Amino acid sequence: MAAQKKAKTNVATTAKMQVHFHAKDVSTLQGQAVVFFSQSVGQKEKSAVIVEKEINKIFAASVAEKMITGTANEVVLFREANLNDFRHVFILGLGEKTKLTHETFRQSAAALIKEARASKMEEVFVGFDNITSGKKDLAKYIQAFVEGLYLSGYTFDELKSVNGKKEDKKTLQIHLVSKSAKDKSLVSAFQQAVIVAEATNFAKRLGDMPGNMMTPTILADSAIKAAAGTGLKVTAWDKKRIEKEKMGGLLGVSQGSDQEPRFIIMEYNGGAKSEKPLAFVGKGLTFDCGGVSIKPSAKMEEMKYDMCGGAAVIGTMLAIARLKLKVNVVAYVPATENMVNGRATKPGDVHVARNGKSFEINNTDAEGRLILADGLCYASEQKPKFIIDTATLTGAMAVALGNVHTGYFTKNSALKNKIEKAAAESGELVWNMPLVDHHARDMKGTYADLSNMSYSGGAGSATAAAFLEQFVDSDIPWAHFDIAGTAWACGNRLNYCTAKGATGVMVRTFLEIVKQYV
Ligand code: BES
Ligand code: MG
Ligand code: ZN
């Protein structure tokens, strides 16, 4: 291939896809297929415009007949078009010109990948130079596009005996082209995208693995293995150590399981020694059957994704380390199963968390808050700049916000601003949920300090958050993200996610939060 021989390329690889970045003018290249972006313009009567001006004439009839509309994620393939030195042409819709964001590119990349695979393409060129005149926007768009390519390149077929190999032997070569591809900002955008998407895909895989293959021990070992060579220090405490550390919440949940719990600690020191760290805590519940308060059978198999909070935190740490961010960050993942055996916690049992607060377990299925309690206590002891925790904590969150927004709770307005800014950068939708002292009052215990569930009815996600709040040092800014609705099966609205499967949600947003402290 001419372009490969001549142009100096940045290359990144996934299983069945290679993405190249060429410092060239796409009109001087040749290959199997080329992509032109289209947008829809006009106030009332929308019509499509192809971003490369000279191409509009060629497709004028298709535009007039509304075969090309410029709608977001529209992919129109013209085979054997023989345009310039390309045989096939894709016209890829970006939607309304005035509404163009980086998320548009993330999604359009996924739409393109799907169509390119379906039409059995092996080589696709995408030019970016006519999209925008702003370098900053271009970097953002390219970063989002590469993220979209990689995120939609993720498949979970390692447990099938064919391992996906039989179905699709060909590697799809995607060539991104920009005259300024060698500019520092674009090179860095490309590299960042690869790192962020790989970390997200790593988190997805942890969530997709079945409970028997992603036990607390395996989760800890996966974090240790993935961290090798990145500068991250990872430690996993075993049951004995967890007992010594008086983590009664984590132990109480794990006593109903034959699998040993783990308390995973990840440390990254990219900042000055004197700088306090940022702290993340993630729920690592590798399978939640509910315990004695057992869940109904329907969809119980999906409760393997109850460790997606932990997965998001592990993925975030991997990305921080690979990006070599100049900041200190720690992460804690209490990991256990919630199962039922003769030693399992019974409704009415009382356990004591690391900070000495006692709780009565009135529903053994409200277990996430119990293991997070110890994680939050431990995080508070490190006196970090903030504590952010994330968990698939409540079904109520999925009822309230569906799989559209991740709900977050915080009483700290400065942290709230940082979160909103980060989400705007990442493209992940978040929604600020209410948390007031009423919620905390609902969590008072009858026999112990606290009850693990509220009896006043409703606001189940907020009362869960209020329970967690009892384990955070009140001087430390804290936010809690409930990803119960967004950690799984978002393919219906995000085409770079699978229909059934983990999403790796919050890795991108957490990374953007951390970047604000660099
Ligand atoms: N892991 C679940 C929450 C969950 C439900 C996540 C559905 C994803 C999808 C959590 O441990 C749980 O069972 N929470 C209970 C709490 C209740 C008993 C107070 C719930 O939401 O029903
Ligand atoms: Mg539960
Ligand atoms: Zn759970």
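Here the structure is a predicted model, which means the values were calculated and not measured. Numbering of ligands and ligand atoms starts at 1, following listing order.
Close approach of ligand 1 to Gly395 (heavy-atom distance below 4.0 Å) involves ligand atoms 3 (C), 4 (C), 5 (C), 20 (C), 21 (O). For ligand 1, the atoms sitting less than 4.0 Å from at least one non-hydrogen atom of Lys283 are 1 (N), 10 (C), 11 (O), numbered in the order shown with element in parentheses. Every atom of ligand 1 with a heavy atom of Ala484 under 4.0 Å away is listed here by number and element: 6 (C), 8 (C). The atoms of ligand 1 that sit less than 4.0 Å from any heavy atom of Lys295 are 2 (C), 12 (C), 13 (O). Under a 4.0 Å criterion applied to the non-hydrogen atoms of Asn363, ligand 1 contributes the atoms 18 (C). Distances below 4.0 Å separate heavy atoms of Met303 from the following atoms of ligand 1: 1 (N), 6 (C), 7 (C), 8 (C), 9 (C). Of all atoms in ligand 1, numbered sequentially from 1 with element shown, those under 4.0 Å from a heavy atom of Arg369 are 16 (C), 19 (C).
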Any chance you could lay out the salt bridge (charged side-chain N to carboxylate O under 4.0 Å, His left out) test for Glu302 and Lys500, step after step, and finish with the verdict? CA-CA 9 Å; Glu302 289 186 353; Lys500 224 179 170 191; 5.0 Å; no
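Of the candidates Lys240, Glu337, Lys239, Glu260 forms a side chain to side chain contact (heavy atoms under 4.5 Å, CB included) with just one, namely Lys239.
At a distance under 4.0 Å, a protein heavy atom can be found next to atom 21 (O) of ligand 1.
Checking Leu285 against the Zn ion (ligand 3), every N/O/S atom stays at or beyond the 2.8 Å cut-off. At least one N, O or S atom of Glu367, from either the backbone or the side chain, sits less than 2.8 Å from the Zn ion (ligand 3).
Atom OD2 is the N/O/S atom of Asp288 found closest to the Mg ion (ligand 2). Between the Zn ion (ligand 3) and the N, O or S atoms of Asp288, the shortest distance is to OD2. Its N, O or S atom nearest to the Mg ion (ligand 2) is what matters here, and for Glu367 that atom is OE1.
Met247 contributes atom CE, which lies 13.5 Å from atom CG of Leu370 (distance to the nearest 0.5 angstrom). Rounding to the nearest 0.5 angstrom, the gap separating the CG atom in Leu232 from the CD1 atom in Ile224 is 11.5 Å.
One finds a salt bridge joining Glu198 and Arg322 here, because a Lys/Arg side-chain nitrogen approaches an Asp/Glu carboxylate oxygen to under 4.0 Å. A salt bridge is defined here as a Lys NZ or Arg NE, NH1 or NH2 lying under 4.0 Å from an Asp or Glu carboxylate O, and Glu103 with Arg508 meets this definition. Using a 4.0 Å cut-off between a side-chain N of Lys or Arg and a carboxylate O of Asp or Glu, Asp157 and Lys160 do not qualify as a salt bridge.
In terms of heavy-atom proximity, Thr392 sits nearest to Ala487 at CG2-CB, 3.9 Å. Here the shortest heavy-atom pairing between Thr406 and Asp482 reads CG2-O, 3.7 Å.
Residue Tyr305 has no N or O atom closer than 3.5 Å to an N or O atom of ligand 1. Remark: ligand 1 and Thr394 share no N or O pair separated by less than 3.5 Å (distance only, no angle test).
A cation-pi contact links Lys418 to Tyr517, judged by a cut-off of 6.0 Å to the six-membered ring centre and 45° from its axis.
Atom 13 (O) of ligand 1 has its nearest heavy-atom neighbour, among Leu393, Asp365, Val399, in Asp365.
Within a 6.0 Å radius of NZ in Lys114, more than 12 heavy atoms belonging to other residues, nucleotides or ligands are found.
From the protein, the heavy atom lying nearest to atom 2 (C) of ligand 1 is Asp288 OD2, 3.6 Å. Looking only at heavy atoms of the protein, atom 17 (C) of ligand 1 is closest to Ala366 CB, 4.2 Å.
Note: angle at the Zn ion (ligand 3), from OD2 of Asp306 to NZ of Lys283, is 90° (rounded to 10 degrees).
Aromatic ring centroids of Phe386 and Phe280 lie under 6.0 Å apart.
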